[in-house]
Amino acid sequence: MNIFNSIYKFKDFVVSRQGQIIQLTAEHIKLTILAVFIAIIVGVPLGILISRIKKLSGPVIGFANVIQAVPSLALLGFLIPLLGIGSKPAILMVFLYSLLPIIKNTYTGLMNINPDVIESSKGMGMTNGQILKIVQLPLALPIIMTGIRISAVTAVGLMTIAAFIGAGGLGYLVFSGVQMVDNNMILAGAIPACILALVMDFIVGKIEKGVTPPGIKKADGTIKLPKGKKHKFSKWQKIVATSLVVIMIVTGLFFSTKKSDAIVIGSKNFNEQLILGNILATLIEKNTDIKVERKLNLGATGIAFDALKTGELDMYVEYTGTGLVNMMKQKSISDPDETYKLVSEYFNKNYGITWLEPLGFNNGYSLAVRPETAEKYNLETFSDLAKVGNELILGCTIEFSNREDGYVGLNKVYNLNFKQVSPVDGGLRYTSIGSNKTDVVDAFTTDGLIKAFKLKVLKDDKHFFPPYYAAPIINNKTLEKHPELKALINKLAGKINDEKMIELNYKVDKLGEDPAKVAEDFLREIQLVK
């Protein structure tokens with residue numbers, strides 16, 4: 001019965017989000033096809049080249065191997081400063097990962113052709129170009145197509161990471177589902193991705209069968225038998241087809257570039273940020289004629305902030321404590337007004353970024369435990385936790401485990417030595433403590449999941465964490481172009497206290513409501529939109 005209920009709920013979810021799922025699937029297909037096609041037009045010629053100039057084979061294949069060994073998120077980290085956020089770094093990442101199978105299979109297919117066949121072709125008076133076109137490529141084609149097939153299938157999975165940098169695709173649903181601990185949302189992204197991978201494999205297989213000349217052994221060991229007369233494309237048909245492909249590539253590479261007349265609103269990759277990003281976007285859409293583009297769920301602080309500095313984003317919501325400690329590398333200050341003043345002056349002077357007025361709530365870091373853990377060890381404060389830390393497992397976000405205003409600095413102040421530190425991201429850390437896999441989590445004090453999982457928040461008795469008051473930050477160039485935005489966005493100042501933010505987060509975290517709807521309902525409640 002539970003299985004049928006789960007299936008029914010999943011069906012309802014898909015029906016309610018069908019428009020979004022179709023849109024994200026289309027984005028995923030476009031990104032994947034572009035990346036793989038570019039890998040083909042680069043990888044196949046490279047494979048041919050190193051088969052002719054063999055001394056290049058080691059460095060070229062070695063480079064492709066090195067790229068494969070670099071973690072995908074690390075590669076994106078290198079590409080973002082160069083290409084910004086959006087589709088371009090995502091396409092380049094998948095292109096680089098797709099090169100190895102294509103280059104290697106092209107090289108292997110050409111090198112494994114019987115030398116006697118090549119000699120016979122030369123004896124018939126063929127030129128090197130004719131031998132390549134008429135003999136070598138047809139014989140190697142099944143192996144080459146196998147490499148393309150591998151690249152196409154793996155590219156579908158790799159492209160889910162594109163959601164971290166605002167490129168869209170099915171990864172948006174997967175990662176949003178993880179943040180919200182919503183299995184239906186995760187499946188709504190994962191199932192279409194799996195189906196898409198199977199479809200890609202089927203299509204490439206059909207292409208392989210179609211382009212393999214009769215009499216040539218295919219990758220599966222069978223030999224293609226000749227059929228009826230094949231249709232030959234004219235020279236002009238080939239030129240037109242090639243031109244269309246080139247246009248598609250150029251369009252795809254730059255379709256995420258920000259429009260000059262649009263305001264791009266960003267957010268980090270947790271639900272509170274999704275709500276706040278939608279609040280800013282909806283407020284502007286409903287009160288001005290300015291076009292708004294959303295690039296939400298962008299990953300950690302560094303991605304969103306770098307995008308703001310380079311102009312890829314115009315605005316997102318940041319936290320004063322993050323600005324002070326994590327970006328300015330300053331020591332914690334307990335006074336919220338002094339913290340705001342310092343970050344405001346520093347960012348304006350050094351980055352050309354303005355901090356608008358705080359929204360009203362303090363989303364500070366804290367540590368939380370299950371009620372039974374608090375009762376067992378008599379835990380009320382961080383100091384209490386330090387006494388028994390060696391018996392407990394900390395499940396914190398990856399970012400928290402490496403930040404000076406996170407576990408690194410916390411350990412110095414409280415001497416918190418846990419039995420084990422298991423970094424996990426987003427809502428997974430709540431899943432882990434809820435299933436007793438960990439005992440302590442880092443928590444934001446306004447997290448709706450604290451309420452959903454009924455966790456006990458411990459007191460920072462040595463006042464290690466600075467105040468984390470949320471405030472919109474905007475690029476000064478955007479503010480110069482649209483000065484009216486300052487007064488409009490500042491209407492939100494002081495409108496969201498801690499309790500209200502917990503309530504908004506709970507609607508998304510636990511009740512599964514759409515962050516965009518929660519944002520618009522809130523704006524109607526405070527009468528900033530009609």
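Every heavy atom of this structure was used, including side-chain atoms; hydrogens, water molecules and symmetry mates were not.
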### Task
For N490, enumerate each residue passing the side-chain hydrogen bond (donor to acceptor under 3.5 Å, both in side chains) test, keeping only those at least two apart in sequence or located in another chain.
none
### Query
So do R17 and M185 actually touch side chain to side chain, heavy atoms under 4.5 Å?
yes
### Summary
Here the gap from L356 atom CG to L485 atom CG, rounded to the nearest 0.5 Å, amounts to 9.0 Å
### Task
Identify the heavy atoms of L488 and L283 that sit nearest to each other, and give their distance.
O-CD2, 3.7 Å
### Query
Taking D314 for the side chain and V264 for the main chain, is one N or O donor matched with an acceptor at less than 3.5 Å?
yes
### Message
Going by the rule side-chain hydrogen bond (donor to acceptor under 3.5 Å, both in side chains), which residues pair with Q18 if we only count those two or more places apart in sequence or in a different chain?
### Response
none
### Heavy atoms from other residues, nucleotides or ligands near NZ of K11 exceed 12 (cutoff 6.0 Å)
yes
### Query
Which value, rounded to the nearest 0.5 Å, describes the distance between K309 atom NZ and E312 atom CD?
13.0 Å
### Task
Go through the side-chain N and O atoms of D447 and Y430 and say whether any donor and acceptor fall under 3.5 Å apart.
yes
### Query
Where does the angle between the aromatic ring planes of F382 and F465 fall among parallel (under 30°), tilted (30 to 60°) and perpendicular (over 60°)?
perpendicular
#### Entry: Non-neighbouring partners of T445 that pass side-chain hydrogen bond (donor to acceptor under 3.5 Å, both in side chains), sequence neighbours left out
none
### Query
Hey, are K500 and E525 close enough for a salt bridge, meaning a charged N less than 4.0 Å from a carboxylate O?
yes
### Task
Using the test side-chain hydrogen bond (donor to acceptor under 3.5 Å, both in side chains), find all partners of T320 that sit at least two apart in sequence or belong to another chain.
none
### Query
Any side-chain donor-acceptor pair under 3.5 Å between E338 and Y340?
no
## Note on the structure
Residue set satisfying side-chain contact (heavy atoms from CB on, under 4.5 Å) with A197, at least two apart, ordered chain then number -> V153, V156
### Close side-chain approach of M315 and N475, heavy atoms under 4.5 Å
no
### Query
Under the side-chain contact (heavy atoms from CB on, under 4.5 Å) test, which residues partner S422, sequence neighbours left out?
I393, Q420
### Message
Salt bridge check, D521 against K517: does any charged N sit closer than 4.0 Å to a carboxylate O?
### Response
yes
### Query
What is the distance from atom CE of M327 to atom CD1 of I353, rounded to the nearest 0.5 Å?
8.0 Å
### Message
For A35 versus M159, what's the shortest heavy-atom pair and its separation?
### Response
CB-CE, 4.1 Å
### Query
Closest approach of Q20 and L173, non-hydrogen atoms and distance?
OE1-CD2, 3.8 Å
### Query
Hey, is the main chain of P467 close enough, under 3.5 Å, to the side chain of T339 for a donor-acceptor pair?
no
### Under 3.5 Å donor-acceptor, K454 side chain and I450 backbone
no
### Message
Side chains of N269 and N297: any donor to acceptor distance under 3.5 Å?
### Response
no
### Query
Taking all non-hydrogen atoms of both residues, which atom of D509 and which atom of L449 are closest, and how far apart?
OD2-N, 3.3 Å
### Task
Report yes if the side chains of D337 and Y469 come closer than 4.5 Å at any heavy-atom pair, otherwise no.
no
### Task
Go through the structure and list residues passing side-chain contact (heavy atoms from CB on, under 4.5 Å) with T160, not counting sequence neighbours.
H28
### Summary
Residues passing the side-chain contact (heavy atoms from CB on, under 4.5 Å) test with I22, sequence neighbours excluded, are none
Per-pair distances, 0.1 Å, donor-acceptor, side chain in residues 89-103, under 3.5 Å, sequence neighbours excluded:
unit_1: Y97; atom_1: OH; unit_2: V70; atom_2: O; d: 2.2
unit_1: Y97; atom_1: OH; unit_2: P71; atom_2: O; d: 3.4
unit_1: Y97; atom_1: OH; unit_2: S72; atom_2: N; d: 3.0
unit_1: S98; atom_1: OG; unit_2: V94; atom_2: O; d: 2.7

### Message
Looking at I290, is its backbone amide N or carbonyl O close enough to the side chain of T288 to form a donor-acceptor pair, meaning the two atoms are under 3.5 Å apart?
### Response
yes
### Query
Step by step, would you call Y316 with F305 a ring-ring contact (aromatic ring centres under 6.0 Å, His included)?
CA-CA 9 Å; Y316 78 97; F305 184 61; 7.2 Å; no
### For Y468, ring-ring contact (aromatic ring centres under 6.0 Å, His included) partners two or more places apart
Y365
#### Entry: Taking every non-hydrogen atom, the tightest pair across A188 and F13
CB-CE2, 3.6 Å
### Which atom of L324 lies closest to which atom of L342, heavy atoms considered
CD1-CD1, 4.2 Å
### Query
Is V325 close to Q330 at the side-chain level, that is, under 4.5 Å between some pair of heavy atoms?
no
### Query
Are the side chain of D498 and the backbone N or O of F361 linked by a donor-acceptor pair below 3.5 Å?
no
#### Entry: Gap separating the CG atom of L196 from the OG1 atom of T32, nearest 0.5 angstrom
6.0 Å
Indicate every side-chain donor-acceptor pair of residues 272-282 with a distance under 3.5 Å to a residue at least two apart or in another chain.
unit_1: E272; atom_1: OE1; unit_2: N363; atom_2: ND2; d: 3.3
unit_1: E272; atom_1: OE1; unit_2: T446; atom_2: OG1; d: 2.5
unit_1: E272; atom_1: OE1; unit_2: N505; atom_2: ND2; d: 2.9
unit_1: E272; atom_1: OE2; unit_2: Y319; atom_2: OH; d: 2.7
unit_1: E272; atom_1: OE2; unit_2: N363; atom_2: ND2; d: 2.6
unit_1: Q273; atom_1: OE1; unit_2: K268; atom_2: N; d: 2.9
unit_1: Q273; atom_1: NE2; unit_2: V317; atom_2: O; d: 2.9
unit_1: Q273; atom_1: NE2; unit_2: Y319; atom_2: OH; d: 3.2
unit_1: N278; atom_1: OD1; unit_2: R294; atom_2: NE; d: 2.9
unit_1: N278; atom_1: ND2; unit_2: L274; atom_2: O; d: 2.8
unit_1: T282; atom_1: OG1; unit_2: N278; atom_2: O; d: 2.8
unit_1: T282; atom_1: OG1; unit_2: R294; atom_2: NH2; d: 3.2

### Message
Could you check whether E293 pairs with K295 (Lys NZ or Arg NE/NH1/NH2 to Asp/Glu carboxylate O, under 4.0 Å)?
### Response
yes
Return all side-chain donor-acceptor pairs below 3.5 angstrom for residues 343-350, not counting sequence neighbours, or 'none' if the list is empty.
unit_1: N348; atom_1: OD1; unit_2: N476; atom_2: ND2; d: 2.9
unit_1: N350; atom_1: ND2; unit_2: Y346; atom_2: O; d: 2.9

